[in-house]
Amino acid sequence: MTDAMSQMIAEAGRLLGPKAEITDPSEIAPWVSDWRGRVHGASPAILAPASTAEVAEIVRLAAQHRVPLVPQGGNTGMAAGATPPADGSALLLSLRRMRQIRSISAANRLAVAEAGVILADLHQAAHDIGMRFPLTLGARGSCTVGGLTSTNAGGTQVLKFGTMRSLVAGVEAVLADGSVHSGLGGLKKDNRGYSLDQLLVGAEGTLGVVTAVALRLVPAVADRAVAWAGVDSPVRALELLRFLEARTTSVEGFELVPQDSLDLVLKHIPDTRAPLSGTHQWHVLIEATTADSNYAIAAEIERLLAAALQDGIIGDAVIAANEAQAEAFWKIRDTISEAERAEGQTLAHDISVPVADMPRFITDAAAEVERTFPGVLASGFGHLGDGNIHFHVRAASHAAPDWYEAEGAAITRMVDDLVTAAGGSISAEHGIGQLKIDELERLAPPGRIHAMRAIKHALDPLGIMNPGKLVRG
Ligand SMILES: Cc1cc2nc3c(=O)[nH]c(=O)nc-3n(C[C@H](O)[C@H](O)[C@H](O)COP(=O)(O)OP(=O)(O)OC[C@H]3O[C@@H](n4cnc5c(N)ncnc54)[C@H](O)[C@@H]3O)c2cc1C
């Protein structure tokens with residue numbers, strides 16, 4: 001450990017008190033690897049400030065000693081952005097103790113939540129005042145407002161409400177020099193030049209430490225209809241979405257599930273069963289909601305699905321008869337990654353292309369990858385209506401244990417090349433972190449990288465904010 005690091009740890013300990021500085025390696029261990037367990041880092045300490053003022057003090061100390069900080073929320077990120085470097089040269093800055101909801105107002109339709117507030121707790125707080133924070137995702141029990149903001153997370157309701165970027169009304173953050181940017185005013189209109197708040201959304205901790213966020217709320221859901229439909233291709237799935245959108249504004253979730261993913265869930269996840277009796281090559285999970293308790297949402301979706309069936313767009317469909325069944329449908333969707341992990345080695349790609357091109361992209365890209373790498377299985381599932389699919393490539397059943405290391409990079413390059421050629425993005429919602437930084441540099445237009453580096457240099461000239469993530473200095 002360098003002298004600067006030891007001094008920093010000693011001074012931070014005096015500042016925060018012993019309970020807020022963890023140096024016991026066994027307590028640090030769960031937080032230095034990424035959620036998928038693929039990237040392993042090291043850090044001599046976790047600092048856990050409880051207020052914006054304490055974060056600012058820590059950042060000032062870090063600047064003084066030139067010690068890099070890795071901000072971390074729930075550590076559920078998919079790009080290893082919150083994983084420290086393996087040489088132990090950075091400190092983890094956990095925001096998990098900052099978990100107050102400072103204010104919440106149905107009249108303003110705003111909540112101001114500290115960075116460490118868990119998404120599920122925010123959902124509950126909004127629900128308690130008859131409102132709703134409409135972004136949700138599988139990690140809601142552990143991901144935090146700071147992490148969601150810093151990765152510009154998406155989730156399953158983007159179709160109607162957009163990503164975090166559309167739901168963030170303002171950000172409070174400690175910048176790299178220890179100054180505090182306070183953007184929590186919640187103004188609907190504010191044109192005083194560059195939006196630092198929006199710059200911090202999706203910055204992955206490389207420009208500052210998010211300490212609190214003003215978040216937009218919408219009226220609570222009075223009723224929802226959750227349906228499962230079988231279709232014979234992704235083209236038909238998108239046709240179904242457009243069919244529904246032309247007739248109702250209530251659809252807010254529309255998830256594509258291939259039969260193969262459904263089979264894996266049924267095989268590995270307890271208490272799951274196929275929603276439809278017949279076999280379909282592809283499936284869609286549809287969620288429609290209403291804030292009006294007099295509106296017969298289930299009847300509307302039933303009528304529309306019957307019409308889609310008659311038009312030959314879908315092969316079959318079922319509407320969840322109750323909340324338990326609705327949750328069971330969502331469980332299938334939410335456990336696909338877990339089931340894949342149980343099955344064997346999988347390479348995940350969170351990609352987007354223009355929505356109308358996605359159905360063809362899925363089938364063409366899967367065929368090309370399977371042809372080039374014999375034995376692998378490629379497919380896509382997820383947010384079809386956003387043009388965002390989790391394009392996963394599974395190792396052949398007889399693959400060697402080091403398949404991921406041996407073939408993974410070449411497969412990913414191929415997928416990323418196909419995505420780029422299709423005018424898409426190699427990271428739709430998971431961010432760049434350290435996993436995709438090389439591919440971003442390889443494939444992004446030079447102007448984008450140049451601008452990102454210029455912003456990074458301007459706001460973090462000492463390079464102490466999560467170095468080695470998103471953009472190299
Ligand atoms: C089961 C599962 C399902 C998921 N589904 C989705 C999905 O549908 N859509 C989606 O977009 N993502 C999804 N994710 C990914 C993940 O939940 C999100 O990226 C989430 O936003 C990460 O929040 P976190 O608090 O865990 O952040 P972390 O993993 O701790 O950090 C993520 C990044 O943000 C930075 N960061 C964290 N807190 C701060 C802060 N306060 N200030 C500055 N930087 C900070 C970190 O340095 C890191 O770069 C899923 C993850 C899991 C495990």
Side-chain angles (χ1 to χ4, degrees), residues 31-37 39 41 46 48-49 52 55 59 68-84 90 92-99 113-120 122 135-158 162-165 171-176 181 200-213 253 255 330 333-341 348 350 352 381-383 386 388-390 427-437 460 465-471:
W31 303 101
V32 291
S33 295
D34 73 319
W35 187 82
R36 285 204 173 98
V39 184
I46 299 178
T52 303
V55 174
V59 172
L69 297 171
V70 179
Q72 190 180 74
N75 198 26
T76 68
M78 292 289 186
T83 310
L92 273 176
L93 181 65
S94 168
L95 279 298
R96 288 183 292 276
R97 286 179 68 220
M98 291 191 61
R99 46 197 316 170
E114 290 188 340
V117 170
I118 304 272
L119 179 58
L122 177 65
L135 184 145
T136 190
L137 44 80
R140 61 189 159 272
S142 38
C143 67
T144 64
V145 163
L148 291 160
T149 304
S150 301
T151 57
N152 184 25
T156 48
Q157 327 296 117
V158 171
T163 61
M164 276 301 276
R165 202 175 281 295
V171 173
E172 177 191 88
V174 175
L175 304 178
H181 164 71
L200 287 159
V201 178
E204 301 187 31
T206 62
L207 301 179
V209 183
V210 173
T211 48
V213 187
E255 297 287 306
W330 271 111
R333 164 62 186 90
D334 285 340
T335 53
I336 293 176
S337 294
E338 199 180 321
E340 282 180 342
R341 267 202 305 185
D350 159 45
S352 65
F381 66 90
H383 323 301
D386 309 330
N388 170 203
I389 284 294
H390 301 307
S427 178
E429 60 175 7
H430 290 163
I432 297 297
Q434 51 183 308
L435 291 184
K436 293 189 176 179
I437 193 164
D460 180 23
M465 287 291 159
N466 213 3
K469 317 288 170 56
L470 180 58
V471 59

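When a ligand or atom number is given, it counts from 1 through the structure's own listing order. In what follows, residues are counted from 1 in the order of the sequence shown.
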Is it the side chain (CB and beyond), the backbone, both or neither of [X] that lies under 4.0 Å from ligand 1, heavy atoms counted?
| X | value |
| --- | --- |
| N466 | side chain |
| L95 | side chain |
| H430 | side chain |
| A115 | side chain |

Do me a favour and list the nearest non-hydrogen protein atom to [atom] with residue, atom name and distance?
| atom | value |
| --- | --- |
| atom 24 (P) of ligand 1 | G74 N, 3.4 Å |
| atom 17 (O) of ligand 1 | T76 OG1, 2.9 Å |
| atom 37 (C) of ligand 1 | G147 CA, 3.6 Å |
| atom 35 (C) of ligand 1 | S150 CB, 3.8 Å |
| atom 7 (C) of ligand 1 | E429 OE2, 3.5 Å |
| atom 53 (C) of ligand 1 | W35 CE2, 3.2 Å |
| atom 41 (N) of ligand 1 | V210 O, 2.9 Å |
| atom 46 (C) of ligand 1 | P71 O, 3.1 Å |

Pick whichever of G155, A203, G382 has a heavy atom sitting closest to atom 8 (O) of ligand 1.
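It is G155 that holds the nearest heavy atom.
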Does G433 come within less than 4.0 Å of ligand 1, judged by its heavy atoms?
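So G433 does not count as touching ligand 1.
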Which residues share a side-chain contact (heavy atoms from CB on, under 4.5 Å) with L137, sequence neighbours left out
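With neighbours one apart ignored, the set is L119, L135, A139, C143, L148, A153.
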Check whether any side-chain heavy atom of H390 lies under 4.5 Å from a side-chain heavy atom of I336, and answer yes or no.
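Sidechains of I336 and H390: no contact.
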Check whether any side-chain heavy atom of L92 sits under 4.5 Å from a side-chain heavy atom of V32, and report yes or no.
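Contact flag for L92/V32 side chains = yes.
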For ligand 1, which atoms have a heavy atom of G208 less than 4.0 angstrom away?
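Answer for ligand 1: 43 (C).
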Below 4.0 angstrom from a heavy atom of G77, which ligand 1 atoms are there? Numbered from 1 as shown, please.
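Answer, ordered by atom number: 19 (O), 26 (O), 29 (O).
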Does the distance from a Lys or Arg side-chain N to an Asp or Glu carboxylate O, for E204 and K469, drop under 4.0 Å?
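Salt bridge flag = no for K469 with E204.
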Does [Y] offer a backbone N or O that forms a donor-acceptor pair with the side chain of [X] under 3.5 Å?
| X | Y | answer |
| --- | --- | --- |
| N152 | R165 | yes |
| T144 | G147 | yes |
| Q72 | A82 | yes |
| R140 | A120 | no |

Taking the six-membered ring of W35 as reference, does the cationic atom of R341 (NZ for Lys, CZ for Arg) lie under 6.0 Å from its centre and within 45° of its axis?
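Flagged: R341 positioned over aromatic ring of W35.
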Non-neighbouring partners of D350 that pass salt bridge (charged side-chain N to carboxylate O under 4.0 Å, His left out), sequence neighbours left out:
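Scan of D350 (salt bridge (charged side-chain N to carboxylate O under 4.0 Å, His left out), adjacent residues dropped) gives none.
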